[in-house]
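Notes follow the structure.
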Amino acid sequence: MDDLSRFCCLNPVCPEHGKRGAGNLTVCHRYGPGKSRRMLRCRACKGRSSEREGTPLFGAHLSEETAVAVMGHLAEGVGVRKTGRLTGVHRDTVMRYGRKAGEHAAALHDELVAASPWDA
Ligand SMILES: [Zn+2]
């Protein structure tokens with residue numbers, strides 16, 4: 001059984017949009033290296049999306065370990081050139097990942113802040 005509680009429908013017009021663990025998602029097929037990536041289908045809107053869509057790893061050509069290492073270095077305040085040297089990734093690629101991770105962090109921040117109770 002796949003644990004899909006971290007995922008939600010990404011279709012903005014779907015009634016279940018953005019609701020994690022709503023039980024509306026099923027795995028419709030697997031793809032990628034070793035069939036390790038799941039394509040998810042939403043029962044409510046019949047939409048499909050990759051489990052990596054909406055994350056900085058979606059469309060990423062680096063391996064997951066490398067991409068995570070790049071973003072980890074950037075998150076620790078390691079500069080772009082140094083991150084590139086440490087991970088063996090071209091600095092243009094490091095910058096691209098940094099931007100993607102930044103956009104994702106901003107979106108996540110907005111979601112988390114929006115969900116915070118007023119009296120927290
Ligand atoms: Zn949906």
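Whatever order the structure lists ligands and atoms in, that order sets their numbers, starting from 1.
Around the Zn ion (ligand 1), protein N, O or S atoms at less than 2.8 Å comprise C9 SG, C14 SG, C42 SG, C45 SG.
Residues V78 and M71 are members of separate hydrophobic clusters, defined by side-chain heavy-atom contacts under 4.5 angstrom among Ile, Leu, Val, Met, Phe, Trp and Tyr. Hydrophobic clustering (ILVMFWY, side-chain heavy atoms < 4.5 Å, transitive): L10 and L25 are in distinct clusters.
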Show me the donor-acceptor pairs, under 3.5 Å and distance only, between side chains in residues 38-48 and residues at least two apart or in other chains.
residue	atom	partner	partner atom	Å
R38	NE	E51	OE1	3.1
R38	NH1	D2	OD1	3.0
R38	NH2	E51	OE1	2.8
R43	NH1	G23	O	2.8
K46	NZ	R43	O	3.4

Pairs under 3.5 angstrom only: tabulate donor-acceptor contacts from the side chains of residues 85-93 to other protein residues two or more places apart or in another chain.
residue	atom	partner	partner atom	Å
T87	OG1	T83	O	2.7
H90	ND1	D92	N	3.0

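Residues meeting the salt bridge (Lys or Arg N to Asp or Glu O under 4.0 Å) test with K19, sequence neighbours left out: E16.
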With side chain to side chain contact (heavy atoms under 4.5 Å, CB included) as the test, would you mind laying out the steps for S50 and Y31 before giving the verdict?
CA-CA 9 Å; S50 160; Y31 69 102; 2.6 Å; yes
